Trainee: 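Next up is a structure, given as structure tokens.
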Amino acid sequence: MSVIYQRVALIGLGLIAGSMAHAMRRRGDLVGEIVGTARSSETRDIARDIGLCDRIVDSAAEAVSGADLVVLAVPVGAMAAVAAEIAPHLEAGATVTDVGSVKREVVEAIGPHLPDNVHFVPGHPLAGTEHSGPRSGFAELFDNRYTLLTPVEGTPPEATDRLKNLWTGCGAIVEEMDPDHHDLVLAVTSHTPHLIAYTMVGVADDLRRVTDSEVIKYSAAGFRDFTRIAASDPTMWRDVFLSNKEATLEILGRFTEELFALQRAIRTGDGDHLHAYFTRTRGIRRGIIEAGQDTDAPNFGRGGVTKEPVE
């Protein structure tokens, strides 16, 4: 079988781009050459030292030269500037994609900068860990995890199918989705849970009389999960919340309503309401396990695993 892309340019060399490089190499027949770059010279030096890509170059313009796939793996807030930088250097017929957690903002940030002879297929792999940087990637990150593609209007189906084949080759389950619907779904499944995790850890930090001793020493599984999620990259999550604020605020409003109802049940001693609520939500957890997105092993399947997807 011939390779899907002759040259892939990775702009940004953190967890996702690094894992893409490892996953593409694992198959061996997906791409011809992987070229990478990052804003930080330190990141580029580390990537060179560990052989993350076939070539590491010093600028995004140089990286995209001759590439038939360009992957923007930078914070959402930086994508417009990067798109403007690379636009004059893109090859005719190339596909540009991204790995951002927000899609409508990405479409509006990148799309206007791209020439008409370039295809734009935004994407979002639903995988991640609390780790970051060029050393954090690993080939198995996308295995049996969903990647959502949100091709813009006018994108040839063959361009989307080609990118879909690459992600499938990296181990992912690929589906297409409208950008606005994507942002609403992710506000429920990822963005709001991260905000709640940051908040809960912040509450513990405010209680300094216990944070430095009891909270750390006696952390149970629930709080450990919060701290794991809250260890995620702060720049990325700042941009996610600012870019998807309408959907996130909508879901936060619904969360607040649910929380008030639970507060009332606890205050009034309504055990029936609490039991029914926890039974229903437990069923959702079972659905996640049955969908193959986690296991029912103790500690949420994370025993002994150091790089568990959280996003």
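Quick caveat, the model's predicted, so the values are computed rather than measured. All residue numbers refer to positions in the sequence shown, counting from 1.
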Trainee: What I'd like to find out is whether the side chain of V71 reaches to under 4.5 Å of the side chain of I11, using heavy atoms alone.
Mentor: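 Not in contact.
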Trainee: For N117, look at atom CG and say whether over 12 heavy atoms of other residues, nucleotides or ligands are found less than 6.0 Å away.
Mentor: yes
Trainee: Going through the checks in order, is the side chain to side chain donor-acceptor pair (under 3.5 Å) test met by Y277 and E258?
Mentor: CA-CA 10 Å; Y277 192 92; E258 297 280 312; 2.7 Å; yes
Trainee: Are R26 and D143 close enough for a salt bridge, meaning some N to O gap below 4.0 Å?
Mentor: yes
Trainee: Which atom names give the shortest non-hydrogen contact between D239 and G77, and what distance separates them?
Mentor: OD2-N, 3.0 Å
Trainee: CG of L30 to CG of N165: how many Å apart, nearest 0.5 Å?
Mentor: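 L30 atom CG to N165 atom CG measures 9.5 Å (nearest 0.5 Å).
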Trainee: Using every non-hydrogen atom in the two residues, find where R44 and A38 come nearest and quote the distance to one decimal.
Mentor: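 Where R44 meets A38 most closely, the heavy atoms are NH1-O, 2.7 Å.
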Trainee: Salt-bridged, D54 to R25, with N to O below 4.0 Å?
Mentor: yes
Trainee: CD of E158: more than 12 outside heavy atoms within 6.0 angstrom?
Mentor: yes
Trainee: Okay, side chain of R145, backbone of P125: is any donor-acceptor separation there less than 3.5 Å?
Mentor: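 No.
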Trainee: Side-chain heavy atoms nearer than 4.5 Å, only ILVMFWY residues, links allowed to pass through others: does that put L149 and M20 together?
Mentor: yes
Trainee: Is a side-chain donor or acceptor of T155 paired with a backbone partner of P151 at a separation under 3.5 angstrom?
Mentor: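 Not at all, since once roles are kept as given, no pair shorter than 3.5 Å links the two residues.
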Trainee: Testing the basics here: between G12 and A17, what is the closest heavy-atom pair and its distance to 0.1 Å?
Mentor: O-CB, 3.0 Å
Trainee: For the hydrophobic clusters of this structure (ILVMFWY residues joined by side-chain heavy atoms under 4.5 Å, transitively), does one cluster hold both V174 and V106?
Mentor: no
Trainee: With side chains defined as the heavy atoms from C-beta onward, is the minimum distance between V8 and E33 less than 4.5 Å?
Mentor: no
Trainee: Donor-acceptor pair, D68 side chain versus A94 backbone, under 3.5 Å?
Mentor: no
Trainee: Could you see if L126 belongs to whatever hydrophobic cluster contains I251? Use Ile, Leu, Val, Met, Phe, Trp, Tyr and a side-chain cutoff under 4.5 Å.
Mentor: no
Trainee: Is atom CD of E246 surrounded by more than 12 heavy atoms (other residues, nucleotides or ligands) closer than 6.0 Å?
Mentor: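 Result for CD/E246: open.
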Trainee: Backbone N or O of V57 within a donor-acceptor pair of the T37 side chain at under 3.5 Å?
Mentor: yes
Trainee: For a quick test of reading the model, state the closest non-hydrogen atom pair linking A127 to I16 and the distance between them.
Mentor: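 The answer is O-CD1, 3.4 Å.
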Trainee: If you round to the nearest 0.5 Å, how far is CZ of R264 from CZ of F260?
Mentor: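 Reported value, rounded in 0.5 Å steps: 9.0 Å.
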Trainee: In plain terms, say whether R254 and E250 are close enough for a salt bridge, that is, a side-chain N and a carboxylate O under 4.0 Å apart.
Mentor: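 A salt bridge is present here (some side-chain N lies under 4.0 Å from a carboxylate O).
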Trainee: For V96 and L114, run side-chain contact (heavy atoms from CB on, under 4.5 Å): C-alpha distance rounded to whole Å, both residues' side-chain angles, the deciding distance at 0.1 Å, then the answer.
Mentor: CA-CA 9 Å; V96 174; L114 300 182; 4.1 Å; yes
Trainee: Tell me the closest heavy-atom pair linking T150 and M177, and the distance in Å.
Mentor: CG2-O, 3.0 Å
Trainee: Test side-chain contact (heavy atoms from CB on, under 4.5 Å) on L141 and L15; report intermediate values, then the result.
Mentor: CA-CA 9 Å; L141 179 65; L15 169 68; 4.2 Å; yes
Trainee: Quick one: pull up OG in S190 and NE2 in H124 and give me the separation to the nearest 0.5 Å.
Mentor: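 Answer rounded to 0.5 Å: 6.0 Å.
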Trainee: A21 and I34: which non-hydrogen atoms are nearest, and at how many Å?
Mentor: O-CD1, 3.9 Å
Trainee: Rounded to the nearest 0.5 Å, what separates atom SG in C53 from atom NE2 in H22?
Mentor: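 Taking SG in C53 and NE2 in H22, the distance rounds to 8.5 Å.
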Trainee: Indicate, with yes or no, if L186 and V188 share a hydrophobic cluster defined by side-chain heavy-atom contacts under 4.5 Å among Ile, Leu, Val, Met, Phe, Trp and Tyr.
Mentor: no
Trainee: For the pair W237 and L195, evaluate side-chain contact (heavy atoms from CB on, under 4.5 Å) and give the outcome as yes or no after the intermediate values.
Mentor: CA-CA 9 Å; W237 283 103; L195 192 62; over 6 Å; no
Trainee: Are E176 and K164 close enough for a salt bridge, meaning some N to O gap below 4.0 Å?
Mentor: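 Result for this pair is yes, salt bridge flagged.
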Trainee: Between H191 and S101, is there a donor-acceptor pair closer than 3.5 Å when you use the side chain of the first and the backbone of the second?
Mentor: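 Such a contact is found between H191 side chain and S101 backbone.
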Trainee: On the 0 to 90° scale, with breaks at 30° and 60°, tag the F142-W167 ring pair as parallel, tilted or perpendicular.
Mentor: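 Taking W167 first and then F142, their aromatic rings stand perpendicular (interplane angle over 60°).
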Trainee: Quick one, V35 and V64 - any side-chain contact, counting heavy atoms below 4.5 Å?
Mentor: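 No; the side chains remain at least 4.5 Å from each other.
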Trainee: I'd like to know if K103 and D183 make a salt bridge, using a cut-off of under 4.0 Å between side-chain N and carboxylate O.
Mentor: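 Judged by the 4.0 Å cut-off on N to carboxylate O distance, K103 and D183 do not form a salt bridge.
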Trainee: Using 4.0 Å as the upper bound for N to carboxylate O, is an ion pair formed by R48 and D58?
Mentor: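 Yes, this pair counts.
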Trainee: Rounded at 0.5 Å granularity, tell me how far OG in S132 sits from CG in L13.
Mentor: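 Separation between the atoms: 12.5 Å.
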Trainee: Please check this pair: side chain of T97 against backbone of V121, looking for a donor-acceptor N/O pair closer than 3.5 Å.
Mentor: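 Looks like yes, one N/O pair under 3.5 Å.
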Trainee: Any chance CZ of R39 has more than 12 other-residue heavy atoms, nucleotides or ligands included, within less than 6.0 Å?
Mentor: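 For R39, atom CZ is not crowded (no more than 12 foreign heavy atoms under 6.0 Å).
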Trainee: Just by distance, do the side chain of S65 and the backbone of E62 share a donor-acceptor pair under 3.5 Å?
Mentor: no
Trainee: Under 3.5 Å, is there a donor-acceptor pair between the side chain of S136 and the main chain of G133?
Mentor: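 Indeed, once roles are kept as given, a pair shorter than 3.5 Å links the two residues.
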Trainee: Give, for atom CG of L90 and atom NE2 of H119, the distance between the pair rounded to the nearest 0.5 Å.
Mentor: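 Result: 11.5 Å between the selected atoms.
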Trainee: Run through L249, N244, T248 and flag the one making a side chain to side chain contact (heavy atoms under 4.5 Å, CB included) with T192.
Mentor: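 Filter result, single survivor: T248.
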Trainee: Quick check on the hydrophobic clustering: are F138 and L166 connected, directly or via other members, by side-chain heavy-atom contacts under 4.5 Å?
Mentor: yes
